[in-house]
Amino acid sequence: VSGHEDEVRSFIYSKIRDFADECRVDALGNLIVLRKARATSAKPAPARVMLAAHMDEIGLMITDIAKNGTLKFLPIGGIDPRLMLAKKVLVGDKKVPGVIGVTPIHKLERHDMEQVLKHEQLSIEIGATSDSEAGKLTHVGDYATFDTAYEELGGIAKGKAFDDRAGCAVLMELLKEDFPFDLYAVFTVQEEVGLRGAQVAAYAVEPDCAIALEGTIADQDQRAEFWTGQLGANARRHREAHRGVVGRADELGARPDEQVGGAEQSVAQVGHDHDAVGEESVEPLEEAADGEGLAGVRNAECGAWSELR
């Protein structure tokens, strides 16, 4: 969850440190990895290129423990309150299982049935019967993540936090490649609450060129055709956009075709229901790369990595 990316960062570092010339964690928590230039280019290349993918995901923060043992919370990041009811969550570092509950429909007033319930009207049930019992399992300030199982539905996959663990996985793979420029791979924090990590990292790295590896929304009703697309169709749209970016990179001499082709395929395959409270859908990632990073994303129960559950 935004502001508590330690576990994700530790996992990523353990997988990429052998491919890095330098690694550091800044005061905000960004993991900044440098892979120095190892290839040559016939055209002038920028001195340093920054690729960024954020490690954080949306979630909840516990704000109060009621006398009956239920937990009150605040949303962290942009969460659609319509989708929160009955969601399973894992609370705190102990990953205490819980479920978001609300007053039963039998006891709701008619006007309550006609409007979206606010998070103040919801609570998390963890099976405790008193505040003292709940206090042994969690405390105010703990984060809660959505406990969503990874599944494949025909030609797409469903899980959580593909935004932006898919971007992190692609960036991990790119660190295994050689480029004619210094590559700064930045795994950023707190994107979901204001792009904070990326802004700090950009000032620290001062790149000549920067690209964010990010997911995008899917609108199955296609009400905003220019900005969104359908699952399965986004790949084509991303390829068109990517060709524009690559064309500009060619002008700068920033990328040999043989080195970026894999990344184009990886990024192009991502298309999902953006931040849908613990449930996102993407096109399967197994063809994007054969490395351990993407294998971890694909094989994990939650759609991220099993170690990050």
Side-chain angles (χ1 to χ4, degrees), residues 1 5 7-8 11-12 15-16 51 53-59 77-80 82-84 86-90 95 97 145-174 176 187 191-192 212-222 227-242 261-309:
V1 180
E5 299 90 352
E7 198 170 355
V8 183
F11 175 83
I12 292 175
K15 300 299 181 183
I16 57 86
L51 298 182
H54 67 89
M55 299 181 288
D56 59 311
E57 62 184 274
I58 58 173
I79 299 179
D80 186 344
R82 297 172 301 172
L83 305 177
M84 296 180 68
K87 290 293 183 183
K88 295 191 295 181
V89 296
L90 298 172
K95 296 180 173 54
T145 61
F146 293 99
D147 184 15
T148 305
Y150 174 88
E151 295 181 62
E152 293 187 13
L153 308 174
I156 64 174
K158 176 184 77 70
K160 70 146 186 168
F162 287 128
D163 173 20
D164 189 31
R165 304 289 163 71
C168 289
V170 171
L171 189 49
M172 291 167 70
E173 291 301 312
L174 287 173
K176 301 176 183 179
F187 301 89
E191 188 271 352
E192 300 289 0
L213 304 179
E214 178 62 293
T216 186
I217 61 176
D219 182 0
Q220 297 305 86
D221 295 330
Q222 292 192 338
W227 291 107
T228 65
Q230 291 182 302
L231 289 173
N234 279 0
R236 293 188 294 274
R237 190 162 311 200
H238 281 302
R239 289 190 186 101
E240 293 172 4
H242 185 78
E264 178 178 356
Q265 182 183 15
S266 301
V267 176
Q269 290 192 22
V270 178
H272 63 87
D273 181 11
H274 186 271
D275 287 347
V277 187
E279 289 199 20
E280 299 176 354
S281 299
V282 303
E283 298 173 50
L285 297 169
E286 70 271 22
E287 296 180 359
D290 296 326
E292 187 172 7
L294 283 175
V297 173
R298 174 167 171 72
N299 293 330
E301 183 177 65
C302 293
W305 295 286
S306 57
E307 290 93 333
L308 304 180
R309 209 168 166 247

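Atom CD of Glu5 and atom NE2 of His54 lie 10.0 Å apart (nearest 0.5 Å). The structure places CG of Asp147 at 7.5 Å from NZ of Lys160, a figure rounded to the nearest 0.5 Å. To the nearest 0.5 angstrom, Glu151 atom CD is 10.5 Å from Ile156 atom CD1.
Here the shortest heavy-atom pairing between Lys15 and Met172 reads CB-CE, 3.5 Å. Nearest heavy-atom pair across Cys168 and Ala53 is N-CB, 3.6 Å. In terms of heavy-atom proximity, Arg82 sits nearest to Asp80 at NH2-OD2, 2.5 Å. The two atoms that bring Glu191 and Asp56 nearest to each other are N-OD2, 2.9 Å, heavy atoms only.
Looking at Phe146 and Ile79, their side chains come closer than 4.5 Å, going by heavy atoms from C-beta outward. Contact check for Glu7 versus Phe11: no side-chain heavy atoms found under the 4.5 Å cut-off. Two residues are said to be in side-chain contact when any heavy atoms from C-beta on lie closer than 4.5 Å; Thr148 and Lys88 fail this criterion.
Tested against Phe187 for a side-chain contact (heavy atoms from CB on, under 4.5 Å), the candidates Val8, Leu171, Asp164 yield a single pass: Leu171.
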